[in-house]
Amino acid sequence: MRVAEPIVLSEEVRRKLEQQSRGRSTQARVVLRSRIVLLAAEGLQNKQIATALNVAPRMAALWRGRFIEHGIEGLLKDAPRPGRSESISRASLIEKTTRSTPANATHWSTRTMAREMGISKASVSRIWRASGLKPHRVESFKVSNDPNFADKLEAIVGLYLNPPEHALVLCVDEKSQIQALDRTQPGLPMKKGRGATMTHDYKRNGTTTLFAALNTANGEVFGLCQEKHRHQEWLKFLRMINQKIPANKQIYLICDNYATHKHARVQRWLQTHKRFHVRFTPTSASWLNMIERFFRDLTHNRIRRGVFQDLEQLITAIGDYIDAHNKNPKPLIWTAKANDILEKVTRAQTALNKRRSA
């Protein structure tokens with residue numbers, strides 16, 4: 001019979017082990033390991049320790065060896081398990097996920113990566129989740145190539161963060177080609193265990209364009225539906241704003257760099273109405289205009305799943321939505337600073353340039 005290697009404890013080590021073995025503020029597994037070592041120090045063999053503590057003899061042998069090799073620190077961590085090294089598998093899996101694609105697909109799935117790496121899909125999912133990797137998702141973006149991007153950005157963000165006194169900042173734009181869609185069959189209502197349904201085909205009963213202005217101070221929206229979105233309709237909308245806003249207020253308009261907004265007739269009208277000041281968003285940067293968030297809410301809450309038998313119903317629905325919004329308007333608070341946005345855009349442009357030159 002092989003005799004286990006004896007253990008000799010100093011007073012300090014024995015005191016620490018006895019404290020750990022009481023289990024008041026120690027994990028149960030560390031308590032058990034400490035008791036194994038204390039019994040081993042009294043001269044008990046592994047089988048005797050196993051009987052006394054109701055554990056397997058190999059466990060007693062394992063933690064006797066771990067203590068001899070690593071001391072008390074060796075009792076605080078689990079022993080390494082057999083099999084592929086987790087750190088190696090994790091590093092190689094992350095590299096393959098971020099730097100390659102499957103031969104017959106555009107992105108990895110848990111199953112294809114599991115087959116590639118020779119591990120379970122649960123392991124792939126766990127590593128992706130811990131690393132924040134989501135190969136199934138893709139986000140769209142476009143970096144502005146406007147040569148005056150920085151100046152326009154600072155002007156607009158400056159209006160959001162520090163609006164002028166005795167002035168209103170209005171985010172204005174048009175949402176064109178809003179379709180009045182009538183479904184070919186009535187939809188089925190939602191019930192327990194099944195969501196609402198609607199037919200995929202439809203009948204189009206015309207389109208309208210919504211001209212809207214969002215007051216950044218209080219969240220109020222001014223809206224006007226028109227048949228087209230030419231400079232004539234844009235001027236009609238500007239005149240409506242001019243009538244609604246008190247004459248003692250300066251008006252700062254934030255709008256995109258659309259030809260309709262810069263038409264010669266529009267420019268002449270603005271020159272005769274000096275209280276209007278226009279700030280154009282940079283090219284490919286409509287996300288700077290906060291009215292886009294209102295358009296998103298309008299589409300999601302009222303239009304996308306709406307059924308409109310004629311254009312009149314659509315226009316009425318849009319007007320009712322704006323009226324309900326204005327009963328309890330809430331301003332959208334802009335928090336991003338111009339310098340922070342500019343740094344992100346610069347990093348994105350640098351990354352794009354590297355990919356183009358590669």
Side-chain angles (χ1 to χ4, degrees), residues 140-176 210-224 229 231 233-235 237-242 244-297 329-350 352:
S140 60
F141 80 99
K142 186 174 183 180
V143 178
S144 174
N145 57 3
D146 194 319
N148 299 317
F149 177 83
D151 294 337
K152 293 179 179 178
L153 171 70
E154 291 177 357
I156 293 174
V157 174
L159 288 176
Y160 288 155
L161 299 180
N162 298 294
E165 293 185 2
H166 309 296
L168 287 181
V169 178
L170 301 180
C171 296
V172 295
D173 200 1
E174 59 262 18
K175 183 175 178 62
S176 61
L210 170 64
F211 289 79
L214 172 71
N215 185 344
T216 60
N218 60 12
E220 185 181 5
V221 172
F222 306 99
L224 178 65
H229 52 99
H231 72 274
E233 286 76 23
W234 177 245
L235 277 172
F237 180 62
L238 292 180
R239 293 187 184 102
M240 186 197 76
I241 292 177
N242 190 43
K244 287 184 175 292
I245 304 301
N248 62 338
K249 295 285 187 181
Q250 295 291 306
I251 301 174
Y252 287 81
L253 301 179
I254 297 174
C255 58
D256 61 22
N257 208 8
Y258 185 42
T260 297
H261 302 159
K262 299 185 296 182
H263 193 275
R265 287 185 60 187
V266 175
Q267 297 298 322
R268 287 196 297 269
W269 187 89
L270 291 174
Q271 289 174 3
T272 60
H273 295 75
K274 299 295 185 181
R275 69 174 182 146
F276 280 81
H277 311 274
V278 180
R279 300 291 182 267
F280 291 118
T281 59
T283 305
S284 303
S286 60
W287 45 268
L288 270 173
N289 196 333
M290 289 198 290
I291 190 64
E292 299 295 341
R293 178 54 192 260
F294 174 78
F295 287 159
R296 176 263 179 197
D297 292 342
K330 294 180 180 179
L332 299 174
I333 307 301
W334 187 276
T335 58
K337 296 180 180 179
N339 289 340
D340 296 337
I341 297 174
L342 194 58
E343 288 178 4
K344 291 182 180 180
V345 172
T346 302
R347 288 198 300 268
Q349 189 65 63
T350 301
L352 283 175

Between T260 and V266, does a side chain to side chain contact (heavy atoms under 4.5 Å, CB included) hold up when you go through it step by step?
CA-CA 8 Å; T260 297; V266 175; 5.8 Å; no
Which heavy atom in [X] sits nearest to a heavy atom in [Y], and how many Å separate them?
| X | Y | answer |
| --- | --- | --- |
| A348 | V143 | CB-CG2, 3.8 Å |
| T281 | D256 | OG1-CA, 3.2 Å |
| L214 | G219 | CD1-O, 3.4 Å |
| E220 | P329 | N-CB, 3.8 Å |
| V169 | P164 | CG2-CD, 4.4 Å |
| L161 | A336 | CD1-O, 4.1 Å |

Got a second to check how far [X]'s [atom1] is from [Y]'s [atom2], nearest 0.5 Å?
| X | Y | atom1 | atom2 | result |
| --- | --- | --- | --- | --- |
| M290 | I333 | CE | CD1 | 7.5 Å |
| F211 | I291 | CZ | CD1 | 12.5 Å |
| R239 | W234 | CZ | CH2 | 12.5 Å |
| N257 | K262 | CG | NZ | 4.0 Å |
| N215 | L332 | CG | CG | 11.0 Å |
| Y252 | L170 | OH | CG | 12.0 Å |

Exercise for the section: Could you tell me whether the side chain of S144 and the main chain of S284 form a donor-acceptor pair under 3.5 Å? Expected result: no
Check: N289 side chain, I254 main-chain N or O, donor-acceptor pair, under 3.5 Å: yes
- Hey, mind stepping through F237 and V172 against side chain to side chain contact (heavy atoms under 4.5 Å, CB included) and telling me if it holds? CA-CA 10 Å; F237 180 62; V172 295; 4.2 Å; yes
- Intermediate values then yes/no, side chain to side chain contact (heavy atoms under 4.5 Å, CB included), F280 and D146: CA-CA 11 Å; F280 291 118; D146 194 319; over 6 Å; no
Without placing hydrogens or testing angles, list every side-chain donor-acceptor pair under 3.5 Å for residues 268-277, not counting sequence neighbours.
{"unit_1": "T272", "atom_1": "OG1", "unit_2": "W269", "atom_2": "O", "d": "2.8"}
{"unit_1": "H273", "atom_1": "ND1", "unit_2": "W269", "atom_2": "O", "d": "2.8"}
{"unit_1": "K274", "atom_1": "NZ", "unit_2": "Q271", "atom_2": "O", "d": "3.0"}
{"unit_1": "R275", "atom_1": "NE", "unit_2": "N242", "atom_2": "OD1", "d": "3.2"}
{"unit_1": "R275", "atom_1": "NH1", "unit_2": "P246", "atom_2": "O", "d": "2.6"}
{"unit_1": "R275", "atom_1": "NH1", "unit_2": "K249", "atom_2": "O", "d": "2.9"}
{"unit_1": "R275", "atom_1": "NH2", "unit_2": "N242", "atom_2": "O", "d": "2.8"}
{"unit_1": "R275", "atom_1": "NH2", "unit_2": "N242", "atom_2": "OD1", "d": "2.9"}
{"unit_1": "R275", "atom_1": "NH2", "unit_2": "I245", "atom_2": "O", "d": "3.1"}
{"unit_1": "H277", "atom_1": "NE2", "unit_2": "Q250", "atom_2": "OE1", "d": "2.7"}

W287 vs I341, test: side chain to side chain contact (heavy atoms under 4.5 Å, CB included). Steps then yes/no. CA-CA 12 Å; W287 45 268; I341 297 174; 3.7 Å; yes
Next item on the list: Please determine if D297 and R293 form a salt bridge, counting it only when a charged side-chain N lies under 4.0 Å from a carboxylate O.
Entry: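 The answer is yes: the pair qualifies as a salt bridge.
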Are V278 and H261 close enough that some pair of their side-chain heavy atoms sits under 4.5 Å apart? no
- Message: Any non-hydrogen side-chain atom of W334 less than 4.5 Å from a side-chain atom of I156?
- Response: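 Of all side-chain heavy-atom pairs linking I156 with W334, none is under 4.5 Å.
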**Message:** Strictly by side chain to side chain donor-acceptor pair (under 3.5 Å), give each pair with a member in residues 156-169 just once, sequence neighbours left out.
**Reply:**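 Found none.
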